[in-house]
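For reference, the structure discussed in these notes is given below.
Just so we're on the same page: letters track the sequence lines, and every chain starts at 1. Everything quoted here is computed from the prediction, not taken from an experiment.
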Amino acid sequence: MSDPSFSPRGAVTVPDKPALEGLEQKWSAWWESQSTYRFDRSRSRAEVYSIDTPPPTVSGSLHVGHVFSYTHTDTIARFHRMRGREVFYPMGWDDNGLPTERRVQNYYGVRCDPSLPYDPSFVPPPTPPKPPVPVSRPTFIELCARLTHEDEKVFEDLWRRLGLSVDWNLTYATIGKPAQKASQAAFLRLLARGEAYQTEAPTLWDVDFRTAVAQAELEDRERPGAYHRIRFELAARPGTFIEIDTTRPELIPACVALVAHPDDPKYKDLFDTEVMTPLFGARVPIKAHPLADPEKGTGAAMICTFGDVTDVVWWRELQLQARAIIVPNGTFRALAWGREGWESSDPARAQAAYDQLTGLPSEKARARIVDLLRESGDLVGEPRPVMHAVKFFEKGDRPLEILTSRQWFIRTMDKRAALIALGAKLQWHPPYMRARYENWVNGLNGDWCISRQRFFGVAFPIWYPIRDDGAIDYGRPVVPDESRLPLDPSTDVPDGYTAEQRGVPGGFAGDPDVMDTWATSSLSPQITGGWLDDPDLFSRVFPMDVRPQAHDIIRTWLFSTVLRAYLEHGRLPWANAAISGWVLDPDRKKMSKSKGNVVTPVALLDEHGSDGVRYWAASGRPGVDTAFDAGQMRVGRRLSIKLLNAAKFVLGRPRPEGLGVGATGPVMAPLDRAVLEQLAALVEDATRDFEAYDYARVLERTESFFWFFCDNYLELVKSRRYGDHGEALAASANTAMLAALSALLRLFAPFLPFVTEEVWSWWQEGSIHRSRWPEAADLRALTAADAPAIARDRAALDMAVQVLGEIRRTKSEGKKPLKTPAARVRVVAPRESLDRLADVEIDVRAAGLIGLLETAEGDFHVDVELGEITQATPS
RNA sequence: GGGCGGUUAGCUCAGUUGGUAGAGCACCGGCUUUACACGCCGGCUGUCACAGGUUCGAGUCCUGUACCGCCCACCA
């Protein structure tokens, strides 16, 4: 036989009652012991299929969305493995950054106080205390590591249970040493090339986390607010006012100008004259800028430092002064009017007003100042409530503020054209996802801020000299040699200094910040591929074949990875992006913990089995948000059971003795040839679709064929295969069935790894997941049919199915058992069809329990008379 | 405001170059049939969102509209 894999190897062992129970434990343990998914790094780049696995956030909750998208990737990985590629499939854990910090704070009841000394004997209290216990930064980081390790085990258990074919020797963590080293080295190289820079500038700021955040981490949320109409008195014409609308009246003390459109006739004559701010009496100019919309509010707006990103644009482009009033925790700072350049026409009144705001957060200050404005008569009318979108840090609970601070940036704006070009070269699955990427790149409005004022993360590996006057000299950072990485500048000492010089004049200070989590995640191909420490491995896996990920992080993870690969290697990090959708609940909302509609994945696997859950997941098409559907999981479970039973039949020992599974022979019956030809076509389609990352289509078609195979083909050939028409025809059926079973099992293997492995083990050696993907040519070699013969065989199969269907219908409508004989069947059909029916007559007669079969030429129809056969069976 | 998807049976969704509308689930009826009752056989179900256009012919191609969802921008 040209395809050896359908010939049974050794003894065939089929359980009496095949069942799914226990298969997951059995086979996942076996795969582990056999190293079935071990990556062989001796293979060349062309032979390798490498996957840039997304590291799940281990501090987050496990949910069906994980199961969904990781199953998609696993089907792709298994397909390519069976196609002969050596699959590089690592697993990563995202334990970096804020989610971990927040979880550690809540879990242990601690808070990080970097000023505390390290206490090695610290043990977290048994229950989280309130208020939280302050701990040193090293202790906090230890607790982060401890908890994430626990979380990782839970994820690993889930992944093994789900049957992901990852190589567990290739795990990585985004806070692990290799990740730190890669992040720090890449940063130093960017710094050396001038692609990373530090500057003091207005920055998006989360007041609860007290850190800068990036544009990519923003999200809009609808919040109630109110327009407040405020009057500003013209400095040159007391008693004459300009009115503006604002949703943030509390920022009036930070007001540095008013602005209107250059062509707005209402304000044309007033540009570059001055007004007095209400309550505070500061003189501010009226400026013209095209971003001001004459249609909005009164047409004039207040510019504050800083109320929103438009303020930043105006402030920068109109070269205004800064009056910063909000401090990192989001409250109004103490300040003295009349000093620090905070002039006022009435400093005492300004001070009195401002004192009422000092120490308040924005929202409280807003309520307070509205009272003051109402008393002073500067509030025109009453506030008009409105729902409006407010910018939030995606993980934050309060609206962002914009604060001026010193931050690190990676140059992005000047790379946009190159990034668009790279995005066009990337193969997107589905293709329309590219638009989201291009949308994002084109909408960027600043370089990427990568520094965060947090504790648990990758440190910036640099120090700054401290001048003799005690000031930190940010302009001359002290950088280490790459060989020292990874390092922590808060404990490690720069070359040429001693530890005693830390923090003293003439000494040094470490950079206090950590990197944005995406600054590390964006290097995942480099981290997993051994970029710095294992160039041999890197040359075999990079650039990678595929990045699988969900569509919501195209703007973050996908974008930043493309950027970093471009900056570091001048090329794309992968050839393909396979984008998964979300899991929606039946109400079409994104499944989320807050809505309380999350089903735990383990409970699903318990109820429906891994293969059942995977079936549901794999039926979700690439990029498409998919409804959670337990019904589909039941269908998948049923399919798995059907596979067990169909295989039991195909591999079973039919009567008479001697015509066992070993009795194969030339495929000579038209039905057998037809089914193998159909299967060959299916294999071609499946291969093509899988190559195009359309796993869902492969599953759908394979399943459809499989049910046809069971319900029609197997039923039609049963009798012949039992030997009722001689050994040669039995052997033909036997061969076709075995070849079909083998191919079908392998087609299903990427989707249903457990049940297919189980069935494979009944009659084959080794893992099905290391077996060869079926080839259409192998199946066609069995039939050796030319095109006209194929057409005849297909027509014959078609006739057989139609006639059998008519007989079944008659029995069903007559409410008779299917075992009821059909005494007389008259088939009227065109001559050609009758010839084809004659080709398969013995199979149709046997399957339909036909007594007398009559034929006549005419338009197709079938008459069936049920009942016992009363006359001798005609030939 | 810009962009991207979607709208097909009660539900979830297929429908590859235009050629008489499909599957599963659900529902109804029947059947112990020697692989499977975790099964089998059969049945019912549609103005393919709407309006135009191209075509001998449109679920499929073009234009527009409506609604749903998402991404981005704006948000004084």
Side-chain angles (χ1 to χ4, degrees), chain A residues 14 17-20 218 220 222 225 227-230 244-249 258-260 291-293 296-304 307-311 314 386-391 430 432-445 551-552 554-555 581-582 584 586 588-590 616 619-621 623-632 634-635 637-652 654-655 685 688-689 694 696-697 700-701 703-704 707 710-711 714-715 718 722 804-805 807-820 849:
Chain A
V14 182
K17 282 273 173 194
L20 299 177
L218 261 50
D220 286 350
E222 286 287 324
Y227 287 123
H228 305 75
R229 183 150 296 186
I230 310 293
I244 60 103
D245 276 345
T246 179
T247 55
R248 299 202 61 182
L258 300 189
V259 66
L291 264 183
D293 182 352
K296 272 186 186 155
T298 64
M302 168 173 87
I303 303 175
C304 304
D308 62 32
V309 289
T310 316
D311 277 347
W314 282 326
V386 64
M387 286 297 288
H388 63 152
V390 181
K391 290 221 181 299
Y432 61 74
M433 286 296 175
R434 172 180 314 169
R436 299 206 181 188
Y437 171 85
E438 293 183 348
N439 232 333
W440 176 253
V441 175
N442 288 326
L444 285 171
N445 57 28
H551 55 59
D552 57 329
I554 289 174
R555 68 175 183 168
W582 281 338
L584 306 178
R588 309 301 304 175
K589 297 280 185 276
K590 186 188 178 187
W616 159 76
S619 61
R621 310 190 98 75
V624 177
D625 294 345
T626 301
F628 176 81
D629 188 351
Q632 281 297 102
R634 284 189 280 273
V635 171
R637 185 178 171 80
R638 228 181 46 166
L639 172 63
S640 302
I641 293 166
K642 190 77 175 177
L643 265 171
L644 289 175
N645 287 306
K648 180 187 167 192
F649 172 69
V650 170
L651 297 173
R655 292 152 303 161
D685 286 349
R688 189 195 60 234
D689 291 335
D694 198 349
R697 198 179 172 93
E700 185 185 44
R701 292 179 172 210
E703 185 193 12
S704 170
W707 286 105
C710 290
D711 296 341
L714 289 183
E715 293 297 330
K718 258 180 186 172
Y722 283 141
L804 183 60
I807 295 169
R808 284 168 169 172
R809 192 202 329 278
T810 306
K811 292 175 182 175
S812 189
E813 285 171 356
K815 306 196 174 181
K816 295 285 194 298
L818 283 178
K819 67 178 179 183
T820 308
L849 299 167

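Legend: residues meeting side chain to side chain donor-acceptor pair (under 3.5 Å) with A:Asp220, ordered by chain and number and at least two apart, are A:Lys391. For A:Thr246, the side-chain contact (heavy atoms from CB on, under 4.5 Å) test picks out A:His228, A:Ile230, A:Ile244, A:Arg248, A:Pro249, A:Met302, with sequence neighbours left out. A:Leu20 pairs by the side-chain contact (heavy atoms from CB on, under 4.5 Å) definition with A:Leu23, A:Arg637, A:Ser640, A:Ile641, A:Leu644, A:Val755, not counting sequence neighbours. In terms of the salt bridge (Lys or Arg N to Asp or Glu O under 4.0 Å) criterion, residue partners of A:Arg229 (sequence neighbours excluded) are, by chain and number, A:Asp245. With sequence neighbours left out, the salt bridge (Lys or Arg N to Asp or Glu O under 4.0 Å) criterion links A:Arg808 to no other residue. For A:Glu700, there are no side chain to side chain donor-acceptor pair (under 3.5 Å) partners, not counting sequence neighbours. Under the side-chain contact (heavy atoms from CB on, under 4.5 Å) criterion, A:Lys718 pairs with A:Phe649, A:Glu715, A:Tyr722, not counting sequence neighbours. Looking at residues two or more places apart in sequence or on another chain, you find a side chain to side chain donor-acceptor pair (under 3.5 Å) between A:Arg688 and A:Asp685. Considering only residues two or more places apart in sequence or on other chains, A:Trp616 meets the side chain to side chain donor-acceptor pair (under 3.5 Å) condition with none of them.
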Nucleotides 20-26 of chain B: protein proximity per nucleotide (B base, S sugar-phosphate only, - neither; heavy atom, under 4.0 Å):
----SS-
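Side-chain atoms of A:Lys815 lie closest to B:G30 of the nucleotides B:C74, B:A35, B:G30. Ranking B:C38, B:C74, B:G42 by closeness to the A:Ile641 side chain, first place goes to B:C38.
Between the side chain of A:Lys642 and the base of B:C36, at least one donor-acceptor pair of N or O atoms lies under 3.5 Å.
The same atom, P, is picked in B:A26 and in B:C36; the two are 22 Å apart, to the nearest Å. As rounded to the nearest Å, B:A58 and B:U63 have C1' atoms that lie 15 Å from one another.
Annotated stems with RNA chain B as a participant read B:1-7 with B:66-72, B:10-13 with B:22-25, B:27-31 with B:39-43, B:49-53 with B:61-65, given as range with range, by first number; only runs of 3 or more Watson-Crick or G-U pairs under 3.5 Å qualify.
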Would you list the protein and nucleotides 2-5 of chain B atom pairs, both N or O, that sit under 3.5 Å from each other?
residue: B:G2; atom: N2; partner: A:Asn439; partner atom: ND2; Å: 3.2

